[in-house]
J.: 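Please see the structure below; I have some questions.
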4 protein chains.
Amino acid sequence: MRGVNKVILIGNLGRDPDVQFLEGNIAVAKFSLATTETFKDRAGKLISQTEWHTVVLWRGLAELAQKYLHKGSLVYIEGRLRTRSWEDKEGNKKFATEVVGDNLVMLDKRMDVNNGDHPVPHHSTGQSSSSSSAPHHGEGYAGMDIPPMSEPADDLPF
Amino acid sequence: MRGVNKVILIGNLGRDPDVQFLEGNIAVAKFSLATTETFKDRAGKLISQTEWHTVVLWRGLAELAQKYLHKGSLVYIEGRLRTRSWEDKEGNKKFATEVVGDNLVMLDKRMDVNNGDHPVPHHSTGQSSSSSSAPHHGEGYAGMDIPPMSEPADDLPF
Amino acid sequence: MRGVNKVILIGNLGRDPDVQFLEGNIAVAKFSLATTETFKDRAGKLISQTEWHTVVLWRGLAELAQKYLHKGSLVYIEGRLRTRSWEDKEGNKKFATEVVGDNLVMLDKRMDVNNGDHPVPHHSTGQSSSSSSAPHHGEGYAGMDIPPMSEPADDLPF
Amino acid sequence: MRGVNKVILIGNLGRDPDVQFLEGNIAVAKFSLATTETFKDRAGKLISQTEWHTVVLWRGLAELAQKYLHKGSLVYIEGRLRTRSWEDKEGNKKFATEVVGDNLVMLDKRMDVNNGDHPVPHHSTGQSSSSSSAPHHGEGYAGMDIPPMSEPADDLPF
DNA sequence: TTTT
DNA sequence: TTTT
């Protein structure tokens, strides 16, 4: 059947992303992401709990990560769980669960490009005339905007 | 900036979907969806709370809705909020908030096609040889499957 | 900082849940959950991809799982990722990533109790007088229901 | 039946929150939140789309909003949809759909307290010794941490 | 009405 | 207006 496998994370990168280019010039980025949640235990004591996740991004998102993300970056990641298994050279079965990202939102006030010299504001899409301010007249489908066929541009830094 | 606007619903259709075809043969489906949540109030009393949502689907998802959904169907909808405003003939400002669906999962045991003659089990993909059982050798990117470039097929009933 | 670590799954149990009771009579349930997603690759070919997740439930949710879930049950799970690590007897470092469930919705048409003799409809909360039908008068906070202080009852089978 | 009604937003406040105290000293906060998403249309043109949402917070979260949120604040909100209806003085039926927040994460680099004099870094939980770094020995339930019974502290600024 |  |  059709199921659902969805992960939503907000956290900070533990290191700069590791980016590689595979056959066909396909980019893959990999990094550790720390999500810290705060709980109150029964005694009312605050407990902070950090979980580390391995995030994998492909193609455009990987290139975005290479350009704009670095150690400490705060990001929103939406993706899905994927567990790989293999045997190491001693024949031990190994498992690794990763979050394959389908969407990335950079949450830092300003994103620095790789060399750190040219701060790039992450809000660069704003200048387009937002369709949200367009008036909608009438009920039913009359005044309904037909949304573009494409999906949200998850892989564009601007 | 890039933001996030995401809705996740599981509920039942209050009526059969209303499906229309706009210019260019673009399908739009619209229906009410009831989500019922159960709370315990302070006194430990169970409270059932039903919320009604207007769901709008476009193109392939709308055609899916037309073919497989009807009054009472249980569905998972993932989408985004969209508020439209207009003035009615008396000049009153009106607002309507809708959930525009980007993903649809049918959760009924069996989906009936429109005429009800040919029950279609919704579990029809389950027996296929899952790629998840394929062995993955090695760590890093060596044994990593390159995912297909396309997105999950959200608009297919099988 | 405060982060987000959220997982949403819809899938089928691969086996009956394994339920244990720890010190203090705290229940823990563990089971494998298969989520199957359908992709279309570049060539338009449908690809079905099954992922297996380890789900862990605690206390009331674990008891719910014991009573109502079994091999094949279709469930919605909302939770968070948690990776544990340990060394096996040979001193090999091992990792296991699990989904710790905070919310569970049973999606089967009818849930059977453990011995299978007494089918229990999972829709048993509906008949209560729903607050959603209560009229709301006025704008602002005047007609606003003050929600009960408690959270949604995630651990109740009825 | 048990359903799901979940909203996840990341966006900026359009104005300072409006906070009121109802009978019993229960706090309610209300504000507009703008979520901006970027799409690529068929022609590859970037389209920025801003949606405005009405967010309502209760009790501890409302007090948090009063203390730390203001016009422009970037926040993550997790909640549920709620549509209220009423008749205005002219007898027109009115509807308003709101997002009732169950969780709030402040994403600004630094949150200012109300008077703006004492910037409060929002990363204040990070330095605590994370339980995630505690070693876990053994498989099964042996080395498994029993999570505290309480829920994540959604209403705490530190 | 926000943000860049 | 749904579902149990």
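The sequence lines fix the lettering, A, B, ..., with proteins before strands; numbering per chain opens at 1.
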J.: Take atom CD of B:Q49 and atom P of F:dT3, then tell me their distance rounded to the nearest Å.
T.: 20 Å
J.: For B:A34, check side-chain contact (heavy atoms from CB on, under 4.5 Å) against everything at least two apart and list the hits.
T.: B:T50, B:W52
J.: I'd like to check, for D:W52, whether its ring lies over the base of E:dT1 with centroids under 5.5 Å apart and a plane angle smaller than 30°.
T.: yes
J.: Rounded to whole Å, how long is the line connecting atom CG of B:N12 with atom P of F:dT1?
T.: 15 Å
J.: CG of D:D16 versus P of E:dT2: gap in Å, rounded?
T.: 12 Å
J.: Can you tell me the distance, in whole Å, between the CD atom of D:E51 and the C1' atom of E:dT2?
T.: 13 Å
J.: Please check this pair: side chain of D:D102 against backbone of D:G79, looking for a donor-acceptor N/O pair closer than 3.5 Å.
T.: no
J.: What is the distance, rounded to the nearest whole Å, between atom CZ of D:F31 and atom P of E:dT3?
T.: 14 Å
J.: What integer distance in Å separates D:L9:CG from E:dT1:P?
T.: 21 Å
J.: What's the closest nucleotide to the side chain of B:R15 if the choices are F:dT3, F:dT1, E:dT1?
T.: F:dT1
J.: Does a salt bridge link D:E98 with D:R84, judged by any charged N lying under 4.0 Å from a carboxylate O?
T.: yes
J.: Between atom NZ in D:K71 and atom P in E:dT2, what is the gap in whole Å?
T.: 5 Å
J.: Does D:E78 have any salt bridge (charged side-chain N to carboxylate O under 4.0 Å, His left out) partners at least two apart in sequence or in another chain, and if so, which?
T.: C:K6, D:K6
J.: Quick check for you: among E:dT2, F:dT1, F:dT2, whose closest atom lies nearest to any side-chain atom of B:S32?
T.: F:dT1
J.: Rounded off to whole Å, could you give me the CG-to-P distance for the A:L107 and E:dT3 pair?
T.: 16 Å
